[in-house]
Trainee: 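Attaching a single structure in structure tokens format; questions to follow.
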Amino acid sequence: MLQSAASLLGRPFAGIPADRRKGIGLIVLAAVMLLFPVFHNNDADIDSMANAMSYAMLALGLNIVVGFAGLLDLGYAAFFAIGAYFYGVFTSFQVMPLWHSYWAPLAAIGLVQKMNQGGPDLVHFTLSFWLALPLSALVAAFFGVLFGAPTLRLRGDYLAIVTLGFGEIVPIVARNVDSVTNGAAGLNGIQAPMIYGHSFGVSATPYYYVGIAMIALLIFISVRLRDSRIGRAWMAIREDEIAASAMGINLVRLKLLAFAIGAAFAGMTGVFFVAKLQTATPEMFGFPVSTMILVMVVFGGMGSVWGVVVGAFILQLLQSWFLQDLTQWVNAFGALIGVHWVQKVDLVQSIELIFGIILVVMMLFRRDGIIPAARKAPDLDFRAQHAEVKRGGFVGLDRIPRWEKRSGNALEVRGVEVRFGGLIALNKVDITVPAGGVVAVIGPNGSGKSTLFNVITGLVPASAGSIKFEGAELIGLAPHDILRKGVARTFQNIRLFPNLTVLENVLVGQHARLRSGPFSSVLRLPRTRVEEKRARDWVLDVIAMFGNRLTPRAAQTVTGLSYANRRRVEIARALASRPHILLLDEPTAGMNPAETLELAEQIKSLHELGLTILLIEHKLDVVTTLADTVIVLDHGDKIAEGKPEEVRRNEEVLTAYLGRAAKEAVMAEAQQAGAENVA
């Protein structure tokens, strides 16, 4: 029904390109918001809208932390309080040190005033509202980093509990440091903003327009960050931290950045909020505020910039407008039917209960929020869906540069041990992978093959030994540093970023090769635009190598792909990082024989381009086709190494890898072949 209505409404605009429709919609929305005070000259309603803007700003900040980076922060109001008290302390009359000549330069630029209240000269701080906005962002960001540095290594529930504690600490400190914050009584007489010598006073209209400007700025920053290298890294961390780290993303640094930017948004909002109220008390920044903002983010759509703004407006106006009117109607109905308790119902006081119900309903029926962050891609037509198995390796290799020809060994693993308590996963394993070669590692389940990949890529620490890649020691390096050196991998159990598209997944592989930071991502400097275009062009070329397996699906989320195509996306993501060596962990697992042969020939074409490959594979025909050397592991020990034909006839390998029955069959076959040759 709703879809039919939307279709009818959209028909007159169907001929207008989507980008232009979006632009027209933004212009209409901006005009409505700007003209609201003109046509609705009600100061109380304008003030409610300004309050809703405060919560929309907070929701945008928390959306970066929770929606983009996936860090559950239950103490977000603490940064709101830090910004509010920063401005309050430096504009109210609470903190007034003795005047000294060294205050004169600050007085000359209007940051302080000399005052006398019948005793010695005192200092009154007069920090400008306009200067306080960026300064409070920096102060809150500093506390975000200070708090996040020791805690962001935690995950999930543990992180939520720690942030909850921090959110409780800040109001307690504000309540108990009377000399600075005036304790529970709070700060009063906070300076209202001034422009051209005129104070905003208590009129809601100027705050309304400042709120619009601030929301526009924060939306702009959020959108730019979301669509940048930084935003993709945050969303990769949200989806799968292990895969993100293996793709070159520095988890701690990116988490701290998300915390700092989210805190900066809250700090600026705190200045706006207390400047409008001209007072600040600890009760304004308690745990209910953090939960209310979190509900706004969930309700609007986690990760959706416009969704959290809409969600914040709806829920805040529900509290300040609709619930008051609804309470009056309920009370009047109670009087009509003569029920006393219905006449006493106050829905405004039950706002936390109502928010809780909204949160439960959203989790049950619309987890993506009212405006989901990920929009559904159009369905593919039959031609795009139909994919034929093609022989001969990758297509479009003319757009892929050859790997530089190197001499010597690319990877040298010497005496590596990995222990998990009393279990020895790898026992003094030695492996050499020559530059430009293909080495396969085989063995039964539990033999240590994936552990070998994990220790090479830094996901598992080595107990002893050495791993050198192109002469540089890898042991002790973080996974993102190992990827930067040119070691890329896939996983036995596919680790993609489920809620990102194929294109976004593969772009994450480019993270370590790009240099744009948060400021250049927001400003979109020419260098950043060129870098982003080159990255996208490279990624599209990598995707195109798989032909119509992936190219028509570039805009689709990977959750809708077949198992084989998800394997291909993971390989494409690893190739996008421009590796010097590619570690493939059972790449053909889950593929039928035709698909297996197709992928084997594609991997072979990469080898012909000069890429060094280390391969884990159970399918012996693939190993025989691809590998120059085969290494066999069993219970963490290397039991054989040699050419594929030699390894296949090794008795110890046959027993460990194929089992006794297969060993006897192979030996009998060999004996029969030998007898026939003699005859």
Side-chain angles (χ1 to χ4, degrees), residues 393-394 397 400-416 418 426 428-443 447-458 462 465-475 477 481-490 571 574-575 577-588 599-634 637-650 653 657:
F394 282 119
L397 287 180
I400 306 298
R402 293 187 62 88
W403 273 265
E404 181 182 348
K405 200 168 185 178
R406 301 171 188 267
S407 59
N409 294 326
L411 182 68
E412 295 179 347
V413 179
R414 296 286 179 259
V416 167
V418 175
L426 290 176
K428 299 186 185 310
V429 171
D430 294 334
I431 289 178
T432 299
V433 182
V438 179
V439 174
V441 180
I442 65 174
S447 60
K449 303 185 300 299
S450 292
T451 301
L452 174 66
F453 272 28
N454 289 339
V455 75
I456 292 172
T457 54
S466 170
I467 301 175
K468 289 187 177 180
F469 177 68
E470 296 181 345
E473 182 62 56
L474 298 185
I475 289 181
L477 296 181
D481 290 324
I482 293 173
L483 185 281
R484 288 177 185 274
K485 289 186 176 295
V487 181
R489 66 166 299 176
T490 64
I571 295 171
L575 289 173
S577 68
R578 301 178 187 267
H580 297 169
I581 184 171
L582 180 61
L583 279 61
L584 297 172
D585 196 343
E586 299 189 26
T588 64
L599 184 58
E601 291 184 347
Q602 290 171 342
I603 295 171
K604 190 172 183 178
S605 65
L606 291 175
H607 172 229
E608 291 169 354
L609 285 176
L611 179 60
T612 306
I613 298 173
L614 180 60
L615 172 74
I616 292 175
E617 187 54 68
H618 277 297
K619 299 176 181 178
L620 289 182
D621 52 344
V622 175
V623 172
T624 304
T625 302
L626 295 177
D628 305 319
T629 303
V630 177
I631 294 168
V632 186
L633 297 180
D634 185 32
D637 294 308
K638 186 173 82 169
I639 62 173
E641 179 176 358
K643 299 292 184 183
E645 297 79 8
E646 298 171 1
V647 170
R648 290 189 70 170
R649 288 173 172 77
N650 185 297
V653 173
Y657 185 64

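Position 1 is the first residue of the sequence; numbering continues from there.
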Trainee: For His580 and Val487, indicate whether the former's side chain and the latter's backbone hold a donor-acceptor pair under 3.5 Å.
Mentor: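 Checked: no pair found.
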
Trainee: With Ile442, which of Leu620, Asp634, Ile631, Leu615 fulfils side chain to side chain contact (heavy atoms under 4.5 Å, CB included)?
Mentor: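 The residue from Leu620, Asp634, Ile631, Leu615 that satisfies side chain to side chain contact (heavy atoms under 4.5 Å, CB included) with Ile442 turns out to be Leu620.
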
Trainee: Could you go through the side-chain contact (heavy atoms from CB on, under 4.5 Å) check for Ile571 and Leu599 one step at a time?
Mentor: CA-CA 10 Å; Ile571 295 171; Leu599 184 58; 3.9 Å; yes

Trainee: Excluding sequence neighbours, so at least two apart, what forms ring-ring contact (aromatic ring centres under 6.0 Å, His included) with Phe394?
Mentor: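 With neighbours one apart ignored, the set is Phe546.
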
Trainee: List the steps, then state whether side-chain contact (heavy atoms from CB on, under 4.5 Å) holds for Glu473 with Ile467.
Mentor: CA-CA 6 Å; Glu473 182 62 56; Ile467 301 175; 4.3 Å; yes

Trainee: To check you understand the geometry: which heavy-atom pair defines the closest contact between Asp585 and Thr490, and what is its length?
Mentor: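 For Asp585 versus Thr490, the nearest heavy atoms are N-OG1, 3.0 Å.
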
Trainee: Which heavy-atom pair separates Lys449 from Gly443 by the least distance, and what is that distance?
Mentor: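 Residues Lys449 and Gly443, closest heavy atoms: NZ-O, 3.1 Å.
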
Trainee: I need the Leu583 CG to Leu411 CG distance, nearest 0.5 Å.
Mentor: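 That separation rounds to 7.0 Å.
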
Trainee: May I have the list of side-chain donor-acceptor pairs in residues 637-645 shorter than 3.5 Å, sequence neighbours left out?
Mentor:
from: Asp637; atom 1: OD1; to: Asn427; atom 2: ND2; distance (Å): 2.9
from: Lys638; atom 1: NZ; to: Asp430; atom 2: O; distance (Å): 2.8
from: Lys638; atom 1: NZ; to: Glu641; atom 2: OE1; distance (Å): 2.7

Trainee: Could you check Ile456 against Ile431 for side-chain contact (heavy atoms from CB on, under 4.5 Å), going step by step and ending with a plain yes or no?
Mentor: CA-CA 11 Å; Ile456 292 172; Ile431 289 178; over 6 Å; no

Trainee: Roughly how far apart are Thr457 OG1 and Asp481 CG, rounded to 0.5 Å?
Mentor: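 Between Thr457 OG1 and Asp481 CG, I get 12.5 Å after rounding to 0.5 Å.
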
Trainee: Between Phe453 and Leu614, does the side-chain contact (heavy atoms from CB on, under 4.5 Å) criterion hold? Intermediate values first, please.
Mentor: CA-CA 9 Å; Phe453 272 28; Leu614 180 60; 3.7 Å; yes

Trainee: Of the non-hydrogen atoms in Ile613 and Ile581, which two are nearest, and what is the gap between them?
Mentor: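 Shortest heavy-atom separation between Ile613 and Ile581 comes out as N-CG1, 4.5 Å.
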
Trainee: Distance check, rounded to the nearest 0.5 Å: Glu646 atom CD versus Thr629 atom OG1?
Mentor: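 Glu646 CD to Thr629 OG1: 9.0 Å, rounded to 0.5 Å.
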
Trainee: Can you name the nearest heavy-atom pair linking Lys485 to Ala472, along with the distance?
Mentor: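 Nearest pair, atom of Lys485 first, then Ala472: NZ-CB, 4.2 Å.
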
Trainee: Drop me the distance from Thr612's OG1 to Leu606's CG, to the nearest 0.5 angstrom.
Mentor: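 Going from the OG1 atom of Thr612 to the CG atom of Leu606 covers 11.5 Å.
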
Trainee: Looking only at heavy atoms, which two atoms of Gly437 and Asp628 are closest? And how far apart?
Mentor: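 Distance-wise, the nearest heavy atoms are CA-OD2, 3.7 Å.
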
Trainee: Under a 4.5 Å cut-off applied to non-hydrogen side-chain atoms, are Leu611 and Leu575 in contact?
Mentor: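 Heavy-atom side-chain distance check passes, below 4.5 Å.
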
Trainee: Minimum heavy-atom separation for Leu426 to Leu452, with atom names?
Mentor: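 In terms of heavy atoms, the two residues are closest at CD1-CA, 3.7 Å.
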
Trainee: Could you grab the distance from atom CZ of Arg402 to atom CG of Leu397, nearest 0.5 Å is fine?
Mentor: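 Between atom CZ of Arg402 and atom CG of Leu397 there are 10.0 Å.
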
Trainee: Could you tell me if the side chain of Arg489 sits less than 4.5 Å from the side chain of Leu483, heavy atoms only?
Mentor: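 Not in contact.
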
Trainee: Side-chain donor-acceptor pair under 3.5 Å between Arg484 and Ser577, yes or no?
Mentor: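 No, no side-chain donor-acceptor contact under 3.5 Å.
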
